[in-house]
Amino acid sequence: IDGDKLNNGIENLRLVTAKVNCLNRSRHKAKGYTWNKSVKRWQASIHIDGRQKYLGLFDDFQLAVNAYTIAKEQFHKYHPKLT
């Protein structure tokens, strides 16, 4: 929950599917937005069910980050299955 990989206390763990847990992995510092050299603008995209969804090109870095953040809130919702 707190992002600390060494904190494995029960109060810091959550019950999620492997797919939801993979959303926490960070392979790159910038996630969902990158500089597009060919058009000299920031590009935002997000992965949904294994497919990349294009979010647009932006003149401003913060606009690309905002587009990704909004899409993440919309498409990567955490819904625990309680049994």
Side-chain angles (χ1 to χ4, degrees):
I1 293 173
D2 67 8
D4 181 359
K5 293 179 182 181
L6 300 177
N7 185 358
N8 291 324
I10 193 73
E11 67 281 351
N12 193 46
L13 301 176
R14 59 192 177 126
L15 182 63
V16 297
T17 64
K19 180 178 178 180
V20 171
N21 194 47
C22 286
L23 296 175
N24 295 334
R25 290 193 291 175
S26 178
R27 293 185 185 129
H28 309 288
K29 285 191 176 194
K31 193 174 195 181
Y33 39 90
T34 186
W35 179 251
N36 186 319
K37 290 181 190 178
S38 63
V39 293
K40 296 184 174 129
R41 295 174 79 190
W42 290 96
Q43 181 173 317
S45 61
I46 190 167
H47 282 85
I48 305 164
D49 295 327
R51 299 189 71 175
Q52 187 174 30
K53 179 174 176 61
Y54 172 76
L55 300 174
L57 292 170
F58 304 89
D59 292 323
D60 183 69
F61 168 75
Q62 193 58 50
L63 292 175
V65 172
N66 292 346
Y68 172 76
T69 303
I70 291 167
K72 183 171 177 62
E73 290 171 359
Q74 180 181 357
F75 296 111
H76 291 176
K77 293 181 182 175
Y78 164 60
H79 298 292
K81 292 181 180 179
L82 301 176
T83 56

Give me the atom names and distance for the closest heavy-atom approach of F58 to A44.
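The pair with the smallest heavy-atom distance is CE1-CB, 3.8 Å.
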Which heavy atom of L55 sits nearest a heavy atom of A67, and at what distance?
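Reported closest heavy-atom pair: CD1-O, 3.8 Å.
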Taking only residues two or more places apart in sequence or in another chain, which ones pass side-chain hydrogen bond (donor to acceptor under 3.5 Å, both in side chains) with N7?
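Only D2 meet the side-chain hydrogen bond (donor to acceptor under 3.5 Å, both in side chains) criterion with N7.
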Would you say W42 and L57 make side-chain contact, with heavy atoms under 4.5 Å?
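Not in contact.
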Please examine the side chains of W35 and Q43, heavy atoms only from C-beta on, and report whether any two atoms are closer than 4.5 Å.
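Contact flag for Q43/W35 side chains = no.
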Test of understanding: with side chain to side chain contact (heavy atoms under 4.5 Å, CB included), list the residues that count as partners of [X], not counting sequence neighbours.
X	result
N8	L13
Q62	D60, V65, N66
Q52	S45, H47

Please list all pairs passing the salt bridge (charged side-chain N to carboxylate O under 4.0 Å, His left out) test where one or both residues lie in residues 33-48, with sequence neighbours left out.
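Every pair satisfying salt bridge (charged side-chain N to carboxylate O under 4.0 Å, His left out) with a residue in residues 33-48: R41-D59.
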Can you sort out the partners of D49 under salt bridge (Lys or Arg N to Asp or Glu O under 4.0 Å), two or more places apart, ordered by chain and number?
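D49 satisfies salt bridge (Lys or Arg N to Asp or Glu O under 4.0 Å) with K19 only.
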Atom pair CD1/NE2 of I46 and H76 - distance to nearest 0.5 Å
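Those atoms lie 4.0 Å apart.
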